[in-house]
Structures are given as structure tokens and as C-alpha cells.
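Read through the structure below, which is laid out as C-alpha cells, and then see the notes.
Order of appearance sets the numbers: ligands from 1, and atoms from 1 within every ligand.
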Amino acid sequence: MTAADEPLVLGIETSCDETGVGIVRGHTLLADAIASSVEEHARFGGVVPEVASRAHLEAMVPTVQRACETAGVALHDVDAIAVTAGPGLAGALLVGVASAKALALSLGKPLYGVNHLAAHVAVDQLEHGALPDPCLALLVSGGHSSLLRVDDVTERVTPLGATIDDAAGEAFDKVARLLGLPFPGGPHIDRAAREGSIEIDFPRGLTSRRDLERHRFDFSFSGLKTAVARWVEAREAAGEPVPVADVAASFQEAVCDVLTRKAIDAAAAEGIEDILIGGGVAANSRLRALAEERAGKNGIRVRVPRPGLCTDNGAMVAALGAEMVARGRTPSALDLPADSSMSVESVLV
Ligand code: KG4
Ligand code: ZN
């Protein structure tokens, strides 16, 4: 297949607070336009679903136009439309799905309603080429923390473990709030941690021998978040200043320690030599460094897309759509639903 034969796909992402429209040709990224409503949510300390839905509605048409301009393509050149069908915020997903249906119908092009988590995996093809089959994906974002075995990103994704309470990104956001850092907290903790030292021994959730029997590949971050809150409260009660950088560094280390340990353990248990890290938290500098270091010692390779492709975007949806076309998967029906709790095993609606 020459580059010109590869499918030109437009992907739409609206599962949370980013309106993303990406255009790819096969594994080549042509445009990744994003409009974010994150600032509108900042004062609430979390994403407000109704505000996100309205922002998607307002941003959709200009973002599609911007993507086409950047890619230098007209809408009728596109071979297929892909859209995040779930999981995510119901109202937010609906805006993307309705827009994708309108485009597919008016252009007479096939529509692929895809899983957001699989799209976080597929996006790496835009940066590092074809995915190794199988690979072990560690997906960590504001909404999910999962370990997945990926045999074929278009149809065979098997969950090995997931968080039993908060997602990793959610823990970053809550701890940041506790430390008086802005929302979303992940990048701020990452930055603050560089000035701090890992002095406080915060708990590593689900790593005791007993927990490992039932939850070997699962995560828990709610106890860690509470431990940080108690530690900060004790400092404040004693009238002592809170060493923000040290708390940030120690908290971040606890999260990254567990994530990398379990990912490597899962890869070893499955006999897989490639780990792919995706989702917003994959932008974390300590997670990237620790994963490289530990995987290297275990003869495992690590792939992490650049930070801009780790957080939610339209290119990841387009990348998965292009793979659907390339592998000849049957397109979705035009009445496909938005499914806020879409299971990770269902990659294509
Ligand atoms: O994938 P994403 O953009 O949206 C969801 O699907 O949730 O992930 C957003 C999450 C937020 O919780 C944010 O705090 C976190 O990713 N995040 C980070 C970093 N950059 C973003 N967490 C830790 N370190 C970072 N550098
Ligand atoms: Zn995401």
C-alpha cells in the first residue's frame, strides 16, 4: 500500500472536556485540532458535564474547519469518519456522535463508532509506527486506570486489571487541590515534584501479599489520597508549613511506583515484551522515566506517545478509525448509540 492508498480518516473526540478533531492518512498525522473547555471547569475543581456538552456544541464546527485547513484537505476528500462512542460523559459523547453521523451521512462516507480507550492505544501508531502484537497497555487518565492486553487494537482488547476506586489522574487532581495547586492538577504536581524530594512514605494501594491474591493487576488510589490529606492536615494542625514540593514528589512516586510495578508484572505474566503507556497521566515525567528504567531491567520495551497525543485528542480517534479501514472492519450503523459506560472489550460499535 503506498501512502496515497492509505485511508484518509477524520476522527472526532468529545468524551470529556476536549473537542478534538484529528485527520490522519494511515499512520501519518495531518491535523490535530483541539478546543478545550478546561478553563470553564477550573473553578469547580472538576469537569461539569453540562458545561462540557455546551462547549462541544459551540466548538465542533470551527474545530472541524480548523482541522481541514491544517491538513490541507476538503471534507469530501475524507474516506471515513470515526468518533468516540464511549466511555465518557453521556451528553458530551452525544455531541460528537451526532456530529459524526451528520458528516458521514451528508458526505456518504462510512462511520466508525470506536472505544475511547482503544483510541488511546492506537494513537501511538502515529508516532512509533505499527503496534507490536500483542502489547500490554497501561492506560492512565482522569477517567480510567487500566491494564489491557492488546492482541489487535481493532477487535481484541482484554482487560487484565483496573482501578477499584479513583483513576490515577483523579488522584493527581484531588491531591493538587489539597495542596492549593490549580486544576487539572497532574501537570502542576509533575512540575512541583521536580523541586521536591521523595521523603514521605505514602501507601502503595493493593500491593500487600493479601491484596495481590485478589487484585494483582488492579489499582486503588483512594487510600493514598486520604493518606496525603491526613499528612497535610497534621502539618497544618501543628502550625507547620506544608512542604508542597516534597508532598508532590512523594505522592507522585507512590503512584508511579505502583503503576510501573504492576504493568511490568502483567507484561511478564502474559509473556509480552512491549508496554505502551497512554492517557493524560502518561504525560507525567516521573512515570515515563521510571517505566523506562524498570522495563529496561526486565528486557521489556516501553512506548509512550508525546504528551500532546497522551491527553484526549481527535487524532487518536482518527488513528483507530484508519486502522479499522485498513483491516477491513465493518462500519457502524448510522443509528449507533453513544455509550457512556462502554466496556473496554467492545472496540467498535
Ligand atoms: O486522558 P485525559 O486528557 O482525559 C481523560 O480521559 O480523563 O487525562 C486527563 C488527566 C487529568 O487528571 C490530568 O491531571 C492528568 O491527566 N495529567 C497528568 C499530567 N498531565 C495530565 N497527570 C500527571 N502528570 C502529568 N504531567
Ligand atoms: Zn482519555
[atom] [closest protein heavy-atom partner, distance rounded to 0.1 Å]:
atom                    : answer
atom 12 (O) of ligand 1 : Asp173 OD2, 2.8 Å
atom 26 (N) of ligand 1 : Asp190 OD2, 2.9 Å
atom 21 (C) of ligand 1 : Gly280 O, 3.4 Å
atom 9 (C) of ligand 1  : Gly142 N, 3.7 Å

Per-atom contacts, ligand 1 versus [X] - under 4.0 Å to a heavy atom:
X      : answer
Gly169 : 12 (O)
Thr311 : 3 (O)
Ala283 : 20 (N), 26 (N)

Any luck finding a side-chain donor-acceptor pair between [X] and [Y] under 3.5 Å?
X      : Y      : answer
Ser220 : Asp165 : yes
Asp190 : Ser285 : yes
His215 : Asp211 : no

Counting only heavy atoms, which portion of [X] has something under 4.0 Å from ligand 1: side chain, backbone, both, or neither?
X      : value
His116 : side chain
Asn284 : both
Asp312 : both
Gln252 : neither

Is there a side-chain contact between Leu117 and Val157 (heavy atoms, below 4.5 Å)? no
Can you tell if the side chain of Val304 reaches within under 4.5 Å of the side chain of Leu276, non-hydrogen atoms only? no
Is a side-chain N or O of [X] found less than 3.5 angstrom from the main chain of [Y], in a donor-acceptor match?
X      : Y      : answer
Ser332 : Gly113 : yes
Asp79  : Pro7   : no
Asp265 : Arg261 : no
Lys262 : Asp218 : yes
His188 : Gly180 : no

Cys16 near ligand 1 by a heavy-atom separation under 4.0 Å: no
Does His120 come within less than 4.0 Å of ligand 1, judged by its heavy atoms? yes
Restricting to heavy atoms, the pick from Gly186, Gly143, Cys256 nearest atom 25 (C) of ligand 1 would be Gly186
Val317 and side chain to side chain contact (heavy atoms under 4.5 Å, CB included): which partner among Val123, Asn115, Thr84, Val9? Thr84
When the ring centroid of Phe172 is compared with that of Phe221, is the distance short of 6.0 Å? no
Is the ring pair Phe202/Trp231 parallel, tilted or perpendicular, if the boundaries are 30 and 60 degrees? perpendicular
Under-2.8 Å protein N/O/S neighbours of the Zn ion (ligand 2), ordered by chain then residue number: His116 NE2, His120 NE2, Asp312 OD1
